[in-house]
Amino acid sequence: MKLPESFYVADDVVAIARALLGKVLVTAFNGELTSAMIVETEAYAGVTDRASHAFGGRDTPRTRVMYRQGGIAYVYLCYGIHHLFNVVTNIEGFPYAVLVRGVEPLDGIDVMLHRRNKEKLTNTLTAGPGALSEALGIKTMHTGISLQSEQLYIEDRGFKIAKADIVASTRVGVAYAREDALRPYRFCVRDNPYVSKGKGL
DNA sequence: CAAACGATTTTCT
DNA sequence: GAAAATCGTTTGG
């Protein structure tokens, strides 16, 4: 059920971003199982993509995990508050990653509500990269851990997303990336309420 | 060693 | 719909 390492090591990050729609992200920290179906992703295409942290081959303590072999988590802090969860892809030396921007809650909803200080389930629980990371308990300390571990992994539960229901658009919050901001690297499930509002489709 | 900047969310008007 | 909050990472001196 768990996606095999070969899924992540493939070299087409855009294809992986698409394929992740409908897959299930699972975390099991401190014995608290939570899971959610991925409904929105963005591809970050390595050294040639101005929107990527690894653009131009930038190699810093933060971005280093992106250069490792695919199949691990890249988590980093944005705006000093939000933990953003990415999946590292491709083989060692190629810093490609997929940002997960929206998920639909499946298991452990009570745990997620508690982590987010919420009373009832609404789409704001897990719509948006910072929100879903908090709901699933993912923090920067989890950066670099394997997606084959028992604490954090992605599995296929057989949910199928019809090709016609996958919408491609431009990425959110990357206006500074100039011409690369126009790349159609954002993928969401049509009409799913857990897709972040970032901007219109 | 100091300064600027976000792959965002929340809250208030 | 707009603006503030907030701090680790990166970059320049």
Side-chain angles (χ1 to χ4, degrees), chain A residues 8 13-14 16-18 20-21 25 36 38-68 70 72-90 94-105 112-144 147 154 167-189 193-201:
Chain A
Y8 305 103
V13 70
V14 174
I16 294 174
R18 270 178 179 278
L20 281 174
L21 294 178
L25 177 59
I38 297 171
V39 298
E40 180 179 0
T41 60
E42 282 182 2
Y44 283 85
V47 299
T48 62
D49 182 355
R50 301 185 95 88
S52 170
H53 290 158
F55 171 69
R58 231 176 333 168
D59 178 29
T60 67
R62 181 178 66 159
T63 61
R64 195 146 298 148
V65 307
M66 284 205 285
Y67 290 83
R68 291 169 54 188
I72 61 176
Y74 169 46
V75 185
Y76 89 100
L77 194 65
C78 186
Y79 290 88
I81 313 174
H82 308 290
H83 302 262
L84 272 59
F85 170 73
N86 302 249
V87 175
V88 176
T89 69
N90 217 307
F94 293 83
Y96 285 60
V98 176
L99 169 68
V100 178
R101 296 189 49 86
V103 298
E104 178 174 327
M112 292 193 257
L113 287 171
H114 183 68
R115 284 181 181 143
R116 299 264 293 132
N117 282 316
K118 288 183 173 297
E119 297 288 320
K120 58 183 200 146
L121 178 61
T122 68
N123 67 307
T124 61
L125 180 67
T126 54
L132 73 89
S133 297
E134 184 174 30
L136 292 169
I138 298 171
K139 308 239 186 18
T140 55
M141 61 169 291
H142 300 117
T143 201
L147 296 178
I154 297 173
V167 183
S169 61
T170 53
R171 292 171 293 184
V172 175
V174 295
Y176 63 87
R178 297 160 50 171
E179 69 272 19
D180 287 324
L182 301 177
R183 299 196 197 197
Y185 282 180
R186 178 188 182 206
F187 301 99
C188 2
V189 176
Y194 294 94
V195 169
S196 72
K197 295 295 181 283
K199 73 178 143 178
L201 295 180

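Below, chain A is the first sequence line, B the second, and so on; all start at residue 1. Values below: every heavy atom of this structure, side chains too, minus hydrogens, waters and symmetry copies. If you're wondering where the values come from, they're calculated on a predicted model, not measured in any experiment.
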Quiz item: Can you tell me if CD on A:E179 sees more than 12 non-hydrogen neighbours from other groups inside 6.0 Å?
Solution: yes
Quiz item: Within the distance-only criterion (no hydrogens, no angle test), does the side chain of A:T143 pair as donor or acceptor with the backbone N or O of A:V75 below 3.5 angstrom?
Solution: yes
Quiz item: Can you tell me if A:E42 uses its side chain to pair, donor with acceptor, with the backbone of A:V172 under 3.5 Å?
Solution: yes
Practice problem: Assign a letter to each nucleotide of nucleotides 5-13 of chain B from its 5' end: B, base within under 4.0 Å of a protein heavy atom; S, sugar-phosphate only; -, no contact. | Solution: -BBBSS---
Quiz item: Quick one: does A:R171's side chain have a donor or acceptor within less than 3.5 Å of a partner on A:Y185's backbone?
Solution: no
Self-check item: Point-to-point distance, once rounded to the nearest 0.5 Å, from CG of A:D49 to CG of A:D180
Solution: 5.0 Å
Quiz prompt | Option among A:N86, A:T41, A:L99 that satisfies the side chain to side chain contact (heavy atoms under 4.5 Å, CB included) test with A:P129 | solution = A:L99
Exercise. Taking Watson-Crick and G-U wobble pairs with both distances under 3.5 Å, convert DNA chain B into its dot-bracket string, 5' to 3', dots for unpaired and | for cross-strand pairs.
Key: ||||||.|||||.
Quiz prompt | Partner of A:Y76 by side chain to side chain contact (heavy atoms under 4.5 Å, CB included), out of A:H82, A:M66, A:R62 | solution = A:R62
